[in-house]
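Read the structure below first, then the notes.
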Number of protein chains: 2
Amino acid sequence: MLVSAMNTTRSGRPALTRPDGTPVRVLVVDDDPDLAEVLSGALRYEGWEVRTAGDGAAALTGARELRPDAVVLDVMLPDTDGFAVLRSLHEVKPDVCVLFLTARDTVEDRIAGITAGGDDYVTKPFSLEEVVARLRGLLRRAGMARQAEEGPRITVGDLVMDEEAREVSRAGRIVELSPTEFELLRFLMRNPRRVLSKAQILDRVWSYDFGGQAHVVELYISYLRKKVDAGRQPMIHTVRGAGYVLKPVL
Amino acid sequence: MLVSAMNTTRSGRPALTRPDGTPVRVLVVDDDPDLAEVLSGALRYEGWEVRTAGDGAAALTGARELRPDAVVLDVMLPDTDGFAVLRSLHEVKPDVCVLFLTARDTVEDRIAGITAGGDDYVTKPFSLEEVVARLRGLLRRAGMARQAEEGPRITVGDLVMDEEAREVSRAGRIVELSPTEFELLRFLMRNPRRVLSKAQILDRVWSYDFGGQAHVVELYISYLRKKVDAGRQPMIHTVRGAGYVLKPVL
DNA sequence: CCAACCTCTGAGGGATCTCTGAGCCGACGC
DNA sequence: GCGTCGGCTCAGAGATCCCTCAGAGGTTGG
């Protein structure tokens, strides 16, 4: 019988692993150290091995040493631009996945070139849920998903989410959700039966530069309830003074 | 009043240890020496090895020497801010868990991203039970729990508490509890068959700045009895002149 | 340029929680 | 027996937490 070391995330979920069972390796390249720190924290939380770099030169060194499966790459770097780094990266490791971080006003045609190569991008300011989800998608499509259960769909009770199709259904009936509602529900569904505080939700679902109050979370929970729980047995529960839980109906 | 420091390991319950069986190591960073002392007393009471530091520089030195598994870190430090310390800590020891202490009014300020990495925070004024519980949660998720049976749930007789789902059930039936009731019961359940004085309970379950009387403890014990013991064989017993005990029904 | 949609702010109101005060009861000592 | 003390419970005030509505401002797509 084949026994491999069980690789789990800090959250207790089974981690997405490389074909040989070792953790996925990701290189984070951003010149803002705070942002790099937050990103690498979120990725380590997924059970992945992370290394950071602050500029293009460091990125290449890091890539040679870590030999990452994926790279999170800021387009704006102090020494070079992201596309030059991309070319060098592909020389070092041709099959690496790249997730670009771009400013909102980055030129369109350059982005078109990215997605054509199978890579992906997110625009700043982004939410951590989105970055993690995109990375998971890239890795999965690159054949990195060793999990049978780690498909593109999440199921909690009779609630089903297809991440790729961005489609949610409860008891077979399609539920239409706005982008924020979708991300909030995804976060809840990836952490079922666990109480999530409003701060946790804010940190994870809202952009890192969101300055607003935790009140928005209440508001969006109320939207979700109207759409997901409407008339049915409620799955979204409030835990007063603590946060919210998503629980399948028993 | 504040609980006095105790250096003994709590008897009757196996301490949470590192994978190699040595005690968990925690660094406490706060510029208020009284608070640091109270905290380290509570953590030593858990059987953990504790060291304190008063500012960011001392925190780094301490981290390098102690190589802690977790750090309790005040966001407001005389020399640096929490984010910078977090980054340095992760450089010293990438897998360290951090529990931030923040004032209530700075909550919205810059917590963003902190809980995203799997780290956590509590707002001042906090209760020691809460700090210890959060730390235990962090350590458990980081794979530090060499627990024999130290899972996310505590069991005493037919009474079961799931800390992550914040759910309590007696004989299979869900019991709804308010935040304070929950913390009080958690404290009782973590110390079964042991008489706990009202002063002990106050020091541990209520915030350190609570100025009220021990009468509240009686009141909350009475609430708990109504919900937990309701109609069943009582598990919560009064020891006149000494305190309360939680005992499984024989 | 307009319409539809999305996101967020602010305010109101309702439900729940916490704690105080007071009365009651039983245990214990004299 | 009787008073005292410790503990239990009820009732209610005040605070807090949470939900919802209404609408402003921004974005998107036609």
Spacing of L188(A) atom CG and Y244(A) atom OH [to the nearest 0.5 Å]: 10.0 Å
Ring geometry between W206(A) and F210(A) (parallel below 30°, tilted from 30 to 60°, perpendicular above 60°): tilted
Distance test, side-chain N/O of W206(A) to OP1/OP2 of dC8(C), below 4.0 Å: yes
Presence of S178(B) side-chain N/O under 4.0 Å of dT16(C) phosphate oxygens OP1/OP2: no
Chain B footprint on DNA chain D, 5' to 3' - any atom under 4.0 Å from a heavy atom: dC5(D) to dC17(D)
Return the value, rounded to whole Å, for the distance between atom [atom1] of [X] and atom [atom2] of [N].
| X | N | atom1 | atom2 | value |
| --- | --- | --- | --- | --- |
| K226(A) | dT7(C) | NZ | C1' | 14 Å |
| R166(B) | dC17(C) | CZ | P | 12 Å |
| L185(B) | dC17(C) | CG | P | 15 Å |
| E218(A) | dT9(C) | CD | C1' | 13 Å |
| K227(A) | dC5(C) | NZ | P | 10 Å |
| Y220(A) | dC6(C) | OH | P | 9 Å |
| H215(B) | dG23(C) | NE2 | P | 13 Å |
| Q213(B) | dG21(C) | CD | C1' | 12 Å |

Electrostatic pair E46(B)-R190(B), nearest N-O below 4.0 angstrom: yes
Residues K124(B), D74(B): salt bridge by 4.0 Å N-O rule: yes
Residue whose nearest DNA chain D nucleotide is more 5′ - Y223(B) or K198(B): K198(B)
Touch class at under 4.0 angstrom, heavy-atom based, for Y244(A) against every strand present: sugar-phosphate
Sugar-phosphate, base or nothing in reach of L219(A), heavy atoms under 4.0 Å: base
Closest to side chain of R240(B), choosing from dT7(C), dG26(C), dC19(C): dG26(C)
Ring centre gap for F126(B) and Y121(B) strictly below 6.0 Å: no
N/O donor-acceptor pair under 3.5 Å between D203(A) side chain and T115(B) backbone: yes
Any donor-acceptor pair under 3.5 Å from D162(B) side chain to A165(B) backbone: yes
